[in-house]
Amino acid sequence: MTTTARPTTAQDVLAELHARQGADLPVHGGRTLAYVYDSGLAEVDRVGREAVAAYAGSNGLDPTAFPSLLRMENDLVAFAARLLGAPDTVVGTVTSGGTESVLLAVQTARDGSPQVTRPNMVIPATAHAAFHKAAHYFGVEARMVPVGPDFRADATATEAAIDDSTVLVVASAPSYAHGVVDPVTELAALASARGIRCHVDACIGGWVLPYARRLGRDVPAWTFAVDGVTSISVDLHKYAYAPKGTSLLLHRTPALRRPQLFASAAWPGYTMLNPTMQSTRSGGPTAGAWAVVRTLGDDGYERLTADVLEAVDRIVAGATDIAGLRLVVTPDSTLVALATDGTCDAFTVCDEMTARGWYVQPQMSYGDQPPTIHLSVSAATLGAVDDFLVALRESVAAAVAAGPVAVDEGVADYIRSLDPAGLTDEDFDGLLAASGLVGENAEGELALPDRMAEVNAMLDLASPAMREALLLTFLDRLSRPSRA
Ligand SMILES: *Cc1c(COP(=O)(O)O)cnc(C)c1O
C-alpha cells in the first residue's frame, strides 16, 4: 500500500503502521541475533518506550532550554564512568549510535593534532567499518594492521605502523566479527609513549565486559583503568538494552574532548553550539536510555549479563557439537562466529535458520578467512537456547543435504574479473538483476529474494571494491519513492 495525501484517522494509521511492521524482523523473543538486543524483560521495554514517547518532541540542542535532558545525559555518563573505571576527570557525551561515537573519536583525534597535515590512525584489520567511514568523512588515513592468528590486534605490527603523522591508535573490546578483545594494555602503552590518543571501541562490549568481570569471568584489562586509554565508545542501544539511538563517547579529560565541541556565530541566527554531529537532538533516545539504565541498575545488568553469558556458553558447547560447524575463536563476550567445513556453506545455513524463525547474520569471506555466521546473543536468547540449537542442527543438516551453494564457473570468473571503476550505471543495473538481488513482483514493484544464499555466494566472489559498488547501486535502487 502506498501512502496517500488523504487524511486518515489515528486508529487507521496505527493499524497500518503495525501491519507494515509485520514485514520486519522481530525485536523481541531473542530469536534475532543481530541488529537488536532483547533483555526479555517486558517492564524494561515498556519503561524505555514510554520515556522515548514522553521526550520525542524535546530538543537537546539547547541544554539551558531542556535542562532535564542535560541532567539525564550527565547521569548516563556518570554511570558509564563508574562502569569503565574512569578517573574523576572523565567527561562524555550521548551520541546517536556507535558510528557517531567512533566518527567523533576520530574527528577529535584529528583536530587535537592540528600540526599534522596528513593524519593517519592505526587500526586492527578487525576494527568496525565505522572507522573506514570516519576515514572517508574526515580525511584521516586508516592504516590497517593484520591481526594475529587469534584474531586479536598485533601489538608489534601496530608499533611498526605508527609514525609521526599517527593521531590515533584503535582497539576493540570486543571486535564485532570475531568477538574477541584486543590487547588494550599493549596498544595503549604504544600510543601513550608517543603522546598519541588511544580509542577503545567498546560499542558492543562496554556494557557487558565489566559485569562479566564482576561475575568472575576472565576479562583482560581494557577500560580507563589501563594507562594510555584516552577515549571509549559504548553503545546504550546494544547491551544496555536501551531503545535505538544512543551511544556514549567518553574522554579521559575535558581537554581531550575539547576539539569535539563545535560553535558557530557566523550567521544571523542563534549561535550554534553542539557536542555531536547532530544539532537538533531528539530527547527521546536519551530519556529512553536513562529510564532503562535507571530501571535495571547494576544488579539488573549483572543478572542480564549472567544470563547472556550462560546462553553464549551453551551455544558454543552445542554448536561445536554439530558436525559441519566449527567455532572460529572462543568468544570473550557475547558475540559468536561460526564457520562451516566443506560439506555445507554458511550462507545456506543462515537461510535455513531464517526459515526456522531465527535470524543469524552472514559475514562474507575476508582475506584468507572463509564466510562465517555471526551471532549477537541477547539475554532473552537464554530461554530459547535449546530451540536455537535444534534449529541450528537442522539447518546444518539441510545445508549439507543441499550441498555447498554453487555459482556457475563462468559467472564466477566474470564477477572476479570485474573492475567497478570501469562499469556504468547500466552495467550495475544489469548485474543486480543477474545476481537476483533485486527483481520485480507481478505488480512491477521492487522485490527482494526470500533466500539469500545464491546472492551472498555471488557477492562473496566479488572483490571488496566490487561488492561495495554493487551494494551501493542496490541501496540507490531501493531508496526511491513510489509516485504511483
Ligand atoms: C555496533 C558497533 C559499532 C557501530 O555502532 P552503530 O550503533 O551500529 O552505529 C561500532 N563498533 C562496534 C564494535 C560495534 O559493534
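For reference, positions follow the sequence shown, starting with 1. Numbering of ligands and ligand atoms starts at 1, following listing order.
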- Taking atom CZ of Arg480 as the centre, does the number of heavy atoms from other residues, nucleotides or ligands within less than 6.0 Å exceed 12? yes

- Query: Does a salt bridge link Arg194 with Glu159, judged by any charged N lying under 4.0 Å from a carboxylate O?
  - Reply: yes

- Message: Does the Lys NZ or Arg CZ of Arg303 fall within the cation-pi geometry relative to Tyr301 - under 6.0 Å from the ring centre and within 45° of the axis?
- Response: no

Note every protein N or O atom lying under 3.5 Å from an N or O atom of ligand 1, pairing the names and giving the distance.
from, atom 1, to, atom 2, distance (Å)
ligand 1, 5 (O), Gly98, N, 3.4
ligand 1, 5 (O), Thr99, N, 3.4
ligand 1, 5 (O), Asp235, OD2, 3.4
ligand 1, 5 (O), Lys238, NZ, 3.3
ligand 1, 7 (O), Gly98, N, 2.9
ligand 1, 7 (O), Asp235, OD2, 3.4
ligand 1, 7 (O), His237, NE2, 2.8
ligand 1, 9 (O), Gly98, N, 3.4
ligand 1, 9 (O), Thr99, N, 2.7
ligand 1, 9 (O), Thr99, OG1, 2.6
ligand 1, 11 (N), Asp201, OD1, 3.3
ligand 1, 11 (N), Asp201, OD2, 2.6
ligand 1, 15 (O), Lys238, NZ, 3.0

- Less than 4.0 Å between a side-chain N and a carboxylate O, is that true for Glu352 and Arg451? yes

- Return yes when atom CZ of Arg82 has more than 12 non-hydrogen atoms of other residues, nucleotides or ligands closer than 6.0 Å, and no otherwise. yes

- Can Glu73 and Thr286 be counted as having a side-chain donor-acceptor contact under 3.5 angstrom? no

